[in-house]
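Numbers here are sequence positions counted from 1. First listed ligand is number 1; within each ligand, the first listed atom is number 1.
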Amino acid sequence: MTNIQISDLKVAVLAGGVGGAKLVLGFDRILEAGNLSVIVNTGDDFRHFGLQICPDLDSVCYALAGLANKTYGWGQENESWQVANALADLGAPTWFQLGDRDLATHLERTRLLESGKSLQDATQILCNRFGILSQVYPMTDEPAATMIETKQGSLLTFQDYLVRLSAEPEVARVVLAEAERAELLPASKKAIEEADLVVLAPSNPWVSIDPILTLKDIRKILTSKTVYAVSPIIQGKALKGPAAKMFAELGIEPSSQAVLAHYRDFLDVFVYDLSDDQLSDQEVETVQLQTIMKTDEDKIALAEAIANHFLKYRGRL
Ligand code: GDP
């Protein structure tokens, strides 16, 4: 393993949508084609207008294909909204924004699923059509819906909570009952087992990474791997979305330290932002890097910095 180049590394990234897709793009650009595997949260998936919508898979795939909307982190760039406007004219629900090109993805995915393909196969077919060379896997082919139990006592589907209700209800508990019964895809399991390095992207720990970590056997596999995690919390805040609000509602102070503690069981190295207060840990190595990814150059630089750190870290083992 001497003189190994960064591009030769095999990396598996566990990812949600917005934060996940950013780091995934960085690794895709620095590794030899095919050396990156991405295991994507499907707890946010839902059916809408009869279509199977997989928000995190789409954010990751659009990023890798160079199609992602640069402002929102979801949907496509140069999108048109003819169907959404026509739906509004009809008085149909408009709380979940569906661009025309995005709709084509959901239509084709739904057609593939209804023709008997698995979600893994449908994802592979879409990736091939988008020209994506990295391996993108849904975390499971089985139902694994994330539900949100609110402090008012209601049980909401994830998109109802996040999009329709703008993440306003206070969260009492994240319910991952379906994920507990679901299996990690054999292909993702193999990708994690064969990876030199496993990275938890800076995704929401509660609703993007925990659903993946809840699948049978995955924690056991991770304890035998070198695992890095990147904090999505910077100076006590999330850059986007309800992660910090969720920490507070679940009774935990939102901080990088709390993210580290959440993953401590299997974590080797914790990456947190240069602007954050320094932290140290008895069991987990900590490293401060520039983790705010505004441009593609930022995404590539962070992936490169993690890979370089890993080469040195492994040299010390
Ligand atoms: P979702 O499934 O679409 O909500 O996306 P993720 O869970 O993957 O991403 C949401 C998390 O990404 C939030 O907690 C953000 O703080 C984090 N995030 C977004 N952009 C960045 C970034 O550039 N750097 C870091 N460190 N975190 C980010």
Checklist entry - Looking at atom 20 (N) of ligand 1, what's its closest protein heavy atom, distance included? => result Lys22 NZ, 2.9 Å
Next on the checklist: If the contact criterion is a heavy-atom separation under 4.0 Å, does Ser59 count as touching ligand 1?
Outcome noted: no
Checklist outcome for this item: In ligand 1, the atoms that come under 4.0 Å of a heavy atom of Ala243 are 14 (O)
Checklist outcome for this item: In this structure, atom 9 (O) of ligand 1 is nearest to the protein heavy atom Gly19 N, 3.0 Å
Checklist entry - Relative to the heavy atoms of Gly17, which atoms of ligand 1 are at a distance of less than 4.0 Å? => result 1 (P), 2 (O), 3 (O), 5 (O), 6 (P), 8 (O)
Checklist entry - Counting from 1, what ligand 1 atoms have a heavy atom of Lys240 closer than 4.0 Å? => result 13 (C), 14 (O), 15 (C), 16 (O)
Next on the checklist: Looking at Glu193 and Lys190, is any side-chain nitrogen of the basic one under 4.0 Å from a carboxylate oxygen of the acidic one?
Outcome noted: no
Checklist entry - Against heavy atoms of Ser208, which atoms of ligand 1 measure under 4.0 Å? => result 2 (O), 6 (P), 7 (O)
Item to check | Atom indices of ligand 1 within 4.0 angstrom of Thr291 heavy atoms, with elements | outcome: 22 (C), 23 (O), 24 (N), 25 (C), 26 (N)
Next on the checklist: What I'd like to find out is whether the side chain of Cys127 reaches to under 4.5 Å of the side chain of Val136, using heavy atoms alone.
Outcome noted: yes
Next on the checklist: For ligand 1, which is the ligand I care about here, please tell me if Ile233 has any N or O atom under 3.5 Å from one of the ligand's N or O atoms.
Outcome noted: no
Checklist entry - Counting each atom of ligand 1 from 1 as listed, which ones have a heavy atom of Ala238 under 4.0 Å away? => result 14 (O), 16 (O)
Checklist entry - What atoms of ligand 1 come closer than 4.0 angstrom to any heavy atom of Ser203? => result 6 (P), 7 (O), 8 (O), 9 (O)
Checklist outcome for this item: Separation between CG (Leu302) and OG1 (Thr291), nearest 0.5 Å, reads 6.5 Å
Checklist entry - Between the candidates Gly43, Ala167, Pro202, Gly241, which shows the shortest non-hydrogen contact distance to atom 11 (C) of ligand 1? => result Pro202
Item to check | Contact check: Val230 vs ligand 1, nitrogen or oxygen atoms, below 3.5 angstrom | outcome: no
Checklist entry - So which protein heavy atom does atom 3 (O) of ligand 1 come closest to, and at what separation? => result Val18 N, 3.1 Å
Checklist entry - Are the charged groups of Asp296 and Arg29 less than 4.0 angstrom apart, N to O? => result no
Checklist outcome for this item: Per-atom filter on ligand 1: closer than 4.0 angstrom to a heavy atom of Gly20 are 8 (O)
Next on the checklist: Heavy-atom distances under 4.0 Å decide this one: backbone, side chain, both or neither, for Lys237 against ligand 1?
Outcome noted: neither
Checklist entry - Which one of Val230, Val269, Val11, Val287 satisfies the side chain to side chain contact (heavy atoms under 4.5 Å, CB included) criterion with Ile306? => result Val230
Item to check | Lys216 with Glu183: basic N within carboxylate O range, under 4.0 Å | outcome: yes
Checklist entry - Are Arg47 and Glu114 ion-paired here, with the side-chain N under 4.0 Å from a carboxylate O? => result yes
Checklist entry - Any idea which protein heavy atom is nearest atom 23 (O) of ligand 1, and the distance to it? => result Met293 N, 2.8 Å
Item to check | Proximity of Trp206 and Phe247 rings by center, below 6.0 Å | outcome: yes
Checklist entry - N/O of Leu239 under 3.5 Å from N/O of ligand 1, yes or no? => result yes
Item to check | CA sep, side-chain torsions, deciding dist, call: His262, Asp210, side-chain contact (heavy atoms from CB on, under 4.5 Å) | outcome: CA-CA 10 Å; His262 193 65; Asp210 271 3; 2.9 Å; yes
Checklist entry - Parallel, tilted or perpendicular for Tyr313 and His309, by the 30°/60° rule? => result parallel
Item to check | For atom 26 (N) of ligand 1, closest protein heavy-atom neighbour | outcome: Ser231 O, 3.0 Å
Next on the checklist: If I apply the N/O under 3.5 Å rule, does Ile234 come out as touching ligand 1?
Outcome noted: no
Item to check | Over 12 non-hydrogen atoms of neighbours within 6.0 angstrom of CD in Gln152 | outcome: yes
Item to check | Atom pair OH/OG of Tyr272 and Ser231 - distance to nearest 0.5 Å | outcome: 10.0 Å
